[in-house]
Each structure stands twice: as structure tokens, then as C-alpha cells.
Amino acid sequence: MMSFEFTIEKNQNPKTKPDPDKLGFGNHFSDHMFLMNYKTGKGWYDGRIVPYQPLCLDPAAAVFHYAQEMFEGLKAYRAADGRTLLFRPDMNAKRTRRTNERMCIPDLDEDLQVAAIKALVAVEKDWVPEADGTSLYLRPFIIASEPFLGVRPSDEFLYVIIASPSGSYYENGLAPTRIFVEDEYVRAAPGGTGYAKVGGNYAGALKAQEKAHDKGCSQVLWLDGVERRYVEEIGTSNAFFMIGDEIITAPLDGTILPGITRDSVLTLLRHWGMKVTERKLLLSEIFQAHEAGNLTEVFATGTAAVISPVGELIWKDKSVTINNNEIGALSQKLYDEIYGIQTGKKDDPFGWVVEI
Ligand SMILES: *Cc1c(COP(=O)(O)O)cnc(C)c1O
């Protein structure tokens, strides 16, 4: 790997660390952030670590008007022996490049991205919390910063990484969720930006999330944008369905976000010799499987929760309870294995963990 030089301006007024028992998600931010600029003709330049502070942007900056932006999400974990570990940061860097390509954001070298993430975490090591389930959540993002109201790709960008100490997603262990099958609003359509990690996909999904909350559900199960018959994702996570001994998830055909947890789950299941299939899955096949007593487990995967088991699906006036609304054996096993690897408690046969 090439080496990169970043300047570091130390924060002279470090914050008092938040109460580790009351972190929650995305509420607290560390003392520093990473910044880097881009200009057409000059490329990416001036990678630097500076005190955490507000960004100063022209109100005409393109990101505010046409949403030319992208983001990523990954975590730094504290191992029992004190080491600071990242999980597959190269995958976030690769995904950034695919998102950038879709959004007309300039390409960004993978090694440079990983070096920037590592440099920030090295400065913020004290901010990686220790308690079980906690982590330092890292949010790299890129915004179009050129002040210009015309509709074309920006000639200036800002790459930023901020860090947020986060609490355990599961205060009382894995908890099955209630999911609303959304058949009115759609998240992504073929040819759209479904496979790119961009804020616009999230803004467009808030309405459905609000509807799901009103129905007493924690998230939505998205159906395909054309026929609304095939299952795609659960909220902002990938979705897995176990029917008999087959574990099924939607294929990466443009409308699905290529989750790193999804890829890790597929790799582990294949490694364990289980039957896994990436294929289109009809909602009706899920209901039929349930009626036949073959719908064994449903779970969502993502960086925030790793594995989130689904206990109940709500669709129109129908309610389907899965595995007695209890955590399935496979969900628990996947969670224990992946979280174990992330925190250095389990062997890492695939070389996923990167020490800082
Ligand atoms: C980020 C994200 C995921 C999960 O990806 P991970 O890399 O596993 O965190 C799934 N779906 C959507 C829509 C996402 O934005």
C-alpha cells in the first residue's frame, strides 16, 4: 500500500467523553474530523485532520440543491486485549468508488480512503468505547461544494470523515422486530440509484418509515419498484429469508445496496456448507412457505445491528409470525460469528479485520 501524508491539527479543547452507558446512535461526535478537497484539474488534495467543527459552505453549493453527495458507514471496535480493529474497510472504499461512478463524483483511490479512515481512528483511539456491543461509528461522506445553480456535476467536492461513539444496538440481546410490507412507496427502481449509498435514497424513504411506525412496526420490507411482488430490502438493511434449508437474498441487480454485512453473511454461510441462493423472491412464495410451515427464519443485515431477526411481517390485514417471534438459531450463530470476528474474539479466516 502507498503511504499518504496528512497534516494533523490537534484540538486544543477536547470534549469530556459521554457516559458510555448512554451513547445511543449518532448523538456524540469525537474531537477531530478528516477533510480533503477536490477541484477539477487539480484532483483530490490537502488531506488533513482538524478539530471537529462546522463546515462553511456557500448557500449555492450544489449539494444543497441537487443532492450530489454520497456516504459510507463502518465501525472501529475495541478488542478485549485493547487493540483497535476495523472490519473490511477495503469494501467500503470499493463501494465508494461504485457510488461515485453512479453519482458523477470523482473517483477516489481505495488506499487513500483506507489510509484516511485509519489516520482519523489513530488520532481518536480514546474515543473507541469498550463495553460489549459499543463501537466508534465512522461516517465518511462526499458533498458537491461548488457554488453553482446549474444542473451538471460539480467541479468542487469535499470528502469528510466524522466519528461517533455508539452504544449497543441491542441493550438486552438480539430482539426480533415487527416489519411492515410496503406496497405503495418504493425505494429503488431499475436504472435508478438503489445500489448507490446516497442521501436521496434515504430522504425518499422517510415517508414509508413513518407509515411503518404508525402501524407499530420498526421498519419496512421494500418490494421491487416495477411489479411490487418481489422482496428487496428491510429499511436500510439487506434481507434474508430461510425457507426449508435454503437461505435466500435478493440478487445485486441494481436496486439492492451491496451490503458488506450481506457479503460477509453469504461468505460464512457458504463456508459452513449451507444452501444459499441470490435470487428474486416473490412475497407470495414467503406466505406460501409460512403456510406450509417452511418459513424458518427472516433477518436483516447491516453495519449498525449486524443481524436483526424479524419476528413478525405485517402485510395489509395479514400478520405472519416467524419462529414464534423468537431469535432463530441461524440469526444468533451469524451474529456471534461476525461480531466475534469484528472484536477479535473469534478467528478471522478471511482476513477481514484490520488493526490500527
Ligand atoms: C448501508 C446499507 C445497507 C447495509 O450495508 P452494510 O455495508 O452491511 O452496512 C443495506 N441497505 C441499504 C439501503 C444501505 O444503505
Side-chain angles (χ1 to χ4, degrees), residues 25-26 67 69-77 86-100 102-103 110 113-114 117 135-142 161 164 166 169 177 179 182 185-190 192-209 212 218-225 230-241 249-269 278 298-310 331 334-335 337-339 341-342 350 352-354:
F25 177 79
E69 70 93 48
M70 64 79 61
F71 69 94
E72 270 299 329
L74 71 162
K75 288 173 169 178
Y77 305 86
L86 292 172
F87 185 68
R88 310 186 75 185
D90 56 307
M91 294 287 279
N92 297 90
K94 287 191 179 80
R95 187 165 66 192
T96 294
R97 296 188 61 198
R98 293 195 300 272
T99 297
N100 285 11
R102 178 65 181 81
M103 300 304 289
E110 281 163 34
Q113 292 182 57
V114 174
I117 292 166
S135 60
L136 183 64
Y137 182 81
L138 303 164
R139 167 55 58 87
F141 62 101
I142 302 173
I161 311 172
S164 173
S166 297
Y169 199 86
T177 56
I179 301 294
E182 175 58 59
Y185 302 113
V186 296
R187 191 191 83 87
T193 56
Y195 69 89
K197 211 163 174 74
V198 299
N201 291 345
Y202 280 63
L206 292 173
K207 187 86 179 158
Q209 185 180 304
S218 60
Q219 270 303 344
V220 302
L221 172 61
W222 295 108
L223 302 178
D224 75 280
Y230 298 96
V231 294
E232 295 211 326
E233 297 200 55
I234 293 176
T236 57
S237 308
N238 295 111
F240 284 77
F241 300 83
T249 193
L252 301 180
D253 58 5
T255 56
I256 304 294
L257 198 290
I260 294 159
T261 320
R262 174 190 182 277
D263 183 81
S264 307
V265 164
L266 289 174
T267 303
L268 280 172
L269 292 176
E278 294 170 74
V298 178
F299 56 89
T301 69
T303 295
V306 189
I307 305 289
S308 174
V310 175
S331 299
L334 282 165
Y335 177 83
E337 190 68 25
I338 295 175
Y339 185 65
I341 294 173
Q342 288 168 335
F350 309 102
W352 284 342
V353 162
V354 174

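Counting starts at 1 for both ligands and their atoms, in listed order. What you see is a predicted model; the values in this text were computed from it and never measured. Position 1 is the first residue of the sequence, and the numbers go up from there.
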List the steps, then state whether side-chain hydrogen bond (donor to acceptor under 3.5 Å, both in side chains) holds for T255 with D224. CA-CA 8 Å; T255 56; D224 75 280; over 6 Å; no
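Classification of E232 and R187 as a salt-bridged pair fails, no side-chain N sitting under 4.0 Å from a carboxylate O.
Judged as a salt bridge (charged side-chain N to carboxylate O under 4.0 Å, His left out), and not counting sequence neighbours, the contacts of E182 are K211. Considering only residues two or more places apart in sequence or on other chains, D253 meets the salt bridge (charged side-chain N to carboxylate O under 4.0 Å, His left out) condition with none of them. Taking the side chain to side chain donor-acceptor pair (under 3.5 Å) definition, one finds that T249 meets it with nothing, sequence neighbours left out.
Within 4.0 Å of ligand 1, protein heavy atoms come from R95, R187, K197, Y202, E233, T236, S237, N238, L257, G259, I260, T261, G302, T303.
Distance check, rounded to the nearest 0.5 Å: OG1 of T303 to CZ of R262 gives 14.0 Å.
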